[in-house]
**Student:** 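Pasting a structure below so you can have a look.
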Amino acid sequence: MGLVVLLTLPVGARAQEPSQAANEAPDAELNLPSRVAALEATTGITLRDAAARDAGLISDVEAGLAALPPAMRRPPGGRLEFVLHPEPAPLGLGDGSEARPDWSGDREQFHLYRYAPTQERRATLRLSRLTEVEAEHLWRRRAVVHAVMQRWDDAKRWSRRRQWRRLDGWILPFERPLTWKESASITYAGAFSRARGQVSASLDLVTFAEELFIPAESLRADALPVDDQVRCQELSKARALSEFLAQAHLGDLPGRGDCPAFDAWAEADALSHLEVLLVAATGRQPQSLFGHILLRPVWREGTVVQGPGFERVVQLVALTGLESKGLGYLVKGMTGGYSTVFLTGTLGAIAHESLELEQRTIRRFRLNLTPGEARRMLERTWELERRGYLGYYFFTDNCAAALLFLLNGALEDDRHVRAPGTLWVLPTATLDTLAKTEVVDANGRAVSLLEHVPDAFESTGDRARRALTEQEQLLTKLATLLPSQALAPLRGVHRLLQSAEPDMRRDGYEHLTHAVTTALDSARPTSRAEVREALHAYVAHAVRVERAAVDRAEAEKLTIDRERLLALDLKEGKAADGALDRQRLFEREDGLQRKLAVLDRTAVLQQALDAATKRPPTPEELKALVRAERTEAAFAAATDAQGLLNDGPLADVDPRAFLARDQARKTEGEATWARGALRESGASRTVVSAGMDFPGVGDARPVVSLRTSAMNEALGDARLHGFQSSSELRVLDGELSVEPRWGVPRILGSRLTLVGYRTLLPELPQQQRSVSDALGWGAEAGMSTDSERLLPYRMSVQAEALGVVASSERFDTFLAVGLGARATMDWSAFQNAPAVGPRLSLSHRAGLPGPGGSALRLEAAYVPAWRAGTTSGFTHEADATLQVEWYLGRVAHWSVLLTPRAQVHWEGRLASWSGPANNRASLPEGWARRRLALGVELR
């Protein structure tokens, strides 16, 4: 009977004091006891004293219960009493403190207070159109939902389920290092229904239920635009709660209905699949080595054709604003000074920044998700772009961790992908983890969650390298089709186009039209069409090479302009200001649709630089700026020449056919490389070796070694999830060697490379500024111990320039020599001896037939050094290692790699050595070790 009366009351009627209600409606006052009794009898909810005499409160309790599914209206846990206090509190609710508790008596009493407005922005964000009276009724009803849902959560433990906890990233105490209490990974208050929901996963669920069951529009139909309503904003949380209730047979919640803004953005019916994009390293810039991860939804083409540059890409990045990249920037990135955010940008903006300015190729990997999971990924992206602010830590909470956070919130059947590490989460190792996760496809087959797509988005730099190779092949082909004198002008132009000086290249492009016309006119009629196509391809590849040069020049100009800044007037200059502005922007969907949410960061920087106050350029900067202008002029000359030729003598060539053939060669080359490459990256490697040492003539002893690496990718390694094969990176790469024997094994020595990097990739000829640009380079810092060395402990640093004598296109086979320097500090318990000297090295790798990048590898080095201290003088060291890396394939879920190796090491002096021609010559002073070992690695 009381419920019928409630439904006939006008929504938003003012709550009255008991005395006032008695004067105006004596019948209702007389009916209060029966309504209170009915509540206790049907739901177990008790109202006493002031609460039992408050007609408005009783009506709101009835309304709050009516908003719940019928099966939920009697909460578990026995009697539930609402206690009304006369003192005010924000929203009329407790805050968990001793002064204003929300619960007491082991959740037997739920405390209510006199309603007072709050300054909490998130709690009132969607209530701006409600009157104060309507807001009071809303929060009274939400309080009822809160109490009932808390009881249900206590009984069913919904908030303990991974399905809920992963949405806001709830972490239990000690679940991660330095985590002492339950906390959410999302740090933004706007991701929770109100501040109380940030305390625990349980309160997160309960406060969300308040908002879901009692939305603002339940008090006033026009309280919110449809796109701002909770059902269209919190898609994942609403689904999770709905599934909990359905599984517990407590009722079915209605579907979310139409959400115009989300539905138009998601285009869920046209979604084809989602891809993970790896922005790979350049091979020249070590700061880009660890790569960067993006997410790309791929839609089937609809009735409206959309250019590739407008396709959407989700960036998982630290929101740094435009803060200068100095020491403070680095410290903030390592200590949580920035926030990770989810930005929906365009492929065109990503291409400009990554493919052109940074010249980093983007590898593609398809996620094998179910249709339901793919839709959930869109929903999660929509939500996280608005509210997904995570703490950013370079080593652990980075773009890779953000991808896993997004993905785990969308996987079905409680599936979960764990991070590949606790203290270090690498993008490449994350790809390893995803690739090792098996799922069942639509045909019932077990497949990898992550599948490589052999069609990368090619950087202008890598495309230029491929174009240079194609040009040489085309010239060789033309030499078989044309007389040598007819090809001479083109060869002359070709030499000019290889110059590092833009003015010389510009001169070459001005003569290109004549050279191409001369060559074509000399062709025999039977081969004229073939010559024309070859010349057309040569010109196209020449322009591609020049495009890479002008992109690099633009990047250098941006860097110089930034260094010259004296005053920068930019609203988003600081990370904190940018985050706050962005949060305000996403609070209202109607305002968001009228403003571009995410600008191309390069465009923002360029706009700021154009209006900034700058100092005059230094002589070196001026030289670089002039060179950039001349490079732009060379590119303009290249495109002019291409236009004249394509409109003239090369007009009969179909450019679309050329592009199709070029794309086919590119993808075929990638597919061939992928078939022979290891899938895994070089992260978290462990190798166990057993062999023999030969410390002296006739001596032999067994040796067992354990080698572990946080990261170990050697020169020439071909890895789908790894770096460029022209680069090598070793981080925390250590080896311990022991002699097995009865009792405690004897430690023979150890070696630890803290960090080591080498690259063989030179700059393109057109982009070389100095001799060093034509060479590779390497550097390393480490420490070692050796029981047979006079001073057994050593720390060392070294650097070298590397010249490539010969190499294959992808560096799976190469021969390189190095010249550099090494500094060491040797010590024992009684003395120490610093040393410094030149270092000569030889590196060779020969690819072997078979899958997985099998190879024969030779590394040799010679270091003469001057040692100070008590044993001062010249010392010499020589070391050589010959190793076979033989990939045996996969056994069950493991990849097996055999690494037999032979190693020779010598240290000593040459003072007493008269040379091999002297019959009385003695051996050099010092000690030597020879080792044969067989290593086994399981991945």
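What you see is a predicted model, and the numbers here were worked out from it, not measured in a lab. The basis for the numbers below is simple: all heavy atoms, side chains too, and nothing from hydrogens, waters or symmetry mates.
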**Student:** Who are the ring-ring contact (aromatic ring centres under 6.0 Å, His included) partners of Phe110, not counting sequence neighbours?
**Tutor:**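 Expected list: Phe82, Trp103, His146.
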
**Student:** Could I get the full list of side chain to side chain donor-acceptor pair (under 3.5 Å) partners for Gln198, not counting sequence neighbours?
**Tutor:**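 Expected list: none.
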
**Student:** Is Trp180 close to Phe174 at the side-chain level, that is, under 4.5 Å between some pair of heavy atoms?
**Tutor:**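 Answer yes - side chains close enough.
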
**Student:** List for me each residue that meets side chain to side chain donor-acceptor pair (under 3.5 Å) alongside Ser104, sequence neighbours excluded, and say none if there are none.
**Tutor:**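 Scan of Ser104 (side chain to side chain donor-acceptor pair (under 3.5 Å), adjacent residues dropped) gives Gln109, His111.
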
**Student:** Assess Arg386 against Trp382: is NZ or CZ under 6.0 Å from the centre of the six-membered ring, and within 45 degrees of the ring's axis?
**Tutor:**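 Yes - Arg386 lies over the ring of Trp382, closer than 6.0 Å to its centre and within 45° of its axis.
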
**Student:** Please identify each residue that fulfils salt bridge (charged side-chain N to carboxylate O under 4.0 Å, His left out) with Arg165, with sequence neighbours left out.
**Tutor:**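 Testing Arg165 for salt bridge (charged side-chain N to carboxylate O under 4.0 Å, His left out), a comparison that skips the adjacent residues, returns Glu182.
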
**Student:** So, Glu234 and Arg387, do they make that salt bridge, N to O below 4.0 Å?
**Tutor:**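 Salt bridge between Glu234 and Arg387, a charged N being under 4.0 Å from a carboxylate O: yes.
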
**Student:** Going by heavy atoms in the side chains, are Val144 and Arg140 under 4.5 Å from each other?
**Tutor:**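 Answer no - side chains too far apart.
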
**Student:** What's the shortest heavy-atom distance between Pro69 and Leu253, and which atoms?
**Tutor:**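 Looks like CG-CD2, 4.1 Å.
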
**Student:** Taking side chain to side chain donor-acceptor pair (under 3.5 Å) as the test, write out the residues that go with Arg161, two or more places apart.
**Tutor:**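 Applying side chain to side chain donor-acceptor pair (under 3.5 Å) to Arg161 gives Gln247.
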
**Student:** Who pairs with Arg79 by salt bridge (charged side-chain N to carboxylate O under 4.0 Å, His left out), at least two apart in sequence or on another chain?
**Tutor:**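 Checked Arg79 against salt bridge (charged side-chain N to carboxylate O under 4.0 Å, His left out); matches are Glu81.
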
**Student:** Does the side chain of Leu390 reach to within under 4.5 Å of the side chain of Ile186, using non-hydrogen atoms?
**Tutor:**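 Yes, at least one pair of side-chain atoms sits under 4.5 Å.
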
**Student:** Not counting sequence neighbours, which residues clear ring-ring contact (aromatic ring centres under 6.0 Å, His included) with Tyr113? List them please.
**Tutor:**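 Scan of Tyr113 (ring-ring contact (aromatic ring centres under 6.0 Å, His included), adjacent residues dropped) gives His85.
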
**Student:** Does anything in residues 193-212 form a salt bridge (charged side-chain N to carboxylate O under 4.0 Å, His left out)? List the pairs, not counting sequence neighbours.
**Tutor:**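 Every pair satisfying salt bridge (charged side-chain N to carboxylate O under 4.0 Å, His left out) with a residue in residues 193-212: Asp102-Arg196, Arg122-Glu211, Arg126-Glu211, Arg194-Glu210, Asp204-Lys237.
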
**Student:** So which heavy atom on Leu423 is nearest to which on Phe395, and how close?
**Tutor:**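 Heavy atoms of Leu423 and Phe395 come nearest at O-CB, 3.9 Å.
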
**Student:** So, using salt bridge (charged side-chain N to carboxylate O under 4.0 Å, His left out) as the criterion, who are the partners of Asp397 when residues are at least two apart?
**Tutor:**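 Partners of Asp397 by the salt bridge (charged side-chain N to carboxylate O under 4.0 Å, His left out) criterion, ordered by chain and then number, come out as Arg176.
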
**Student:** Working note: Glu385 + Arg312, criterion salt bridge (Lys or Arg N to Asp or Glu O under 4.0 Å); need CA distance, chi angles, decisive distance, verdict.
**Tutor:** CA-CA 13 Å; Glu385 184 171 23; Arg312 278 164 277 177; over 6 Å; no

**Student:** Give the minimum heavy-atom separation between Pro90 and Arg100, together with the two atoms involved.
**Tutor:**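 Where Pro90 meets Arg100 most closely, the heavy atoms are CD-NH2, 3.9 Å.
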
**Student:** Return the minimal non-hydrogen interatomic distance between Leu407 and Leu434, and the atom names on each side.
**Tutor:**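 Closest approach of Leu407 to Leu434: CD2-CD2, 3.6 Å.
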
**Student:** Pairing donors with acceptors under 3.5 angstrom, does anything connect the side chains of Thr207 and Arg142?
**Tutor:**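 Checked: Thr207/Arg142 side chains show no N/O donor-acceptor pair below 3.5 Å.
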
**Student:** Is any side-chain N of the basic residue among Asp54 and Arg114 closer than 4.0 Å to the acidic one's carboxylate O?
**Tutor:**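 Arg114 and Asp54: not salt-bridged.
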
**Student:** Enter the distance from Gln229:CD to Leu224:CG here, rounded to the nearest 0.5 Å.
**Tutor:**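 If I round to the nearest 0.5 Å, the distance is 6.0 Å.
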
**Student:** So, using side chain to side chain donor-acceptor pair (under 3.5 Å) as the criterion, who are the partners of Gln150 when residues are at least two apart?
**Tutor:**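 Expected list: Asp154, Ser202.
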
**Student:** State which residues pass salt bridge (charged side-chain N to carboxylate O under 4.0 Å, His left out) with Arg121; sequence neighbours excluded, sorted by chain then number.
**Tutor:**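 Checked Arg121 against salt bridge (charged side-chain N to carboxylate O under 4.0 Å, His left out); matches are Glu587.
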
**Student:** Within 45° of the ring axis of Phe405 and under 6.0 Å from its six-membered ring centre, is that where the NZ or CZ of Arg380 lies?
**Tutor:**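 Here Arg380 passes the 6.0 Å and 45° test against Phe405.
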
**Student:** For Val226 versus Asp258, what's the shortest heavy-atom pair and its separation?
**Tutor:**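 So the two residues come closest at CG2-O, 3.7 Å.
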
**Student:** For residues 198-259, pull every pair meeting disulfide (SG to SG under 2.5 Å), keeping only residues two or more places apart or in separate chains.
**Tutor:**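 Of all non-adjacent pairs touching residues 198-259, those that pass disulfide (SG to SG under 2.5 Å) are Cys232-Cys259.
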
**Student:** Assess whether a salt bridge exists between Arg239 and Glu383, defined as any Lys/Arg side-chain N lying under 4.0 Å from an Asp/Glu carboxylate O.
**Tutor:**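 Looking at Glu383 together with Arg239, the answer is no, because their closest N to O distance does not fall below 4.0 Å.
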
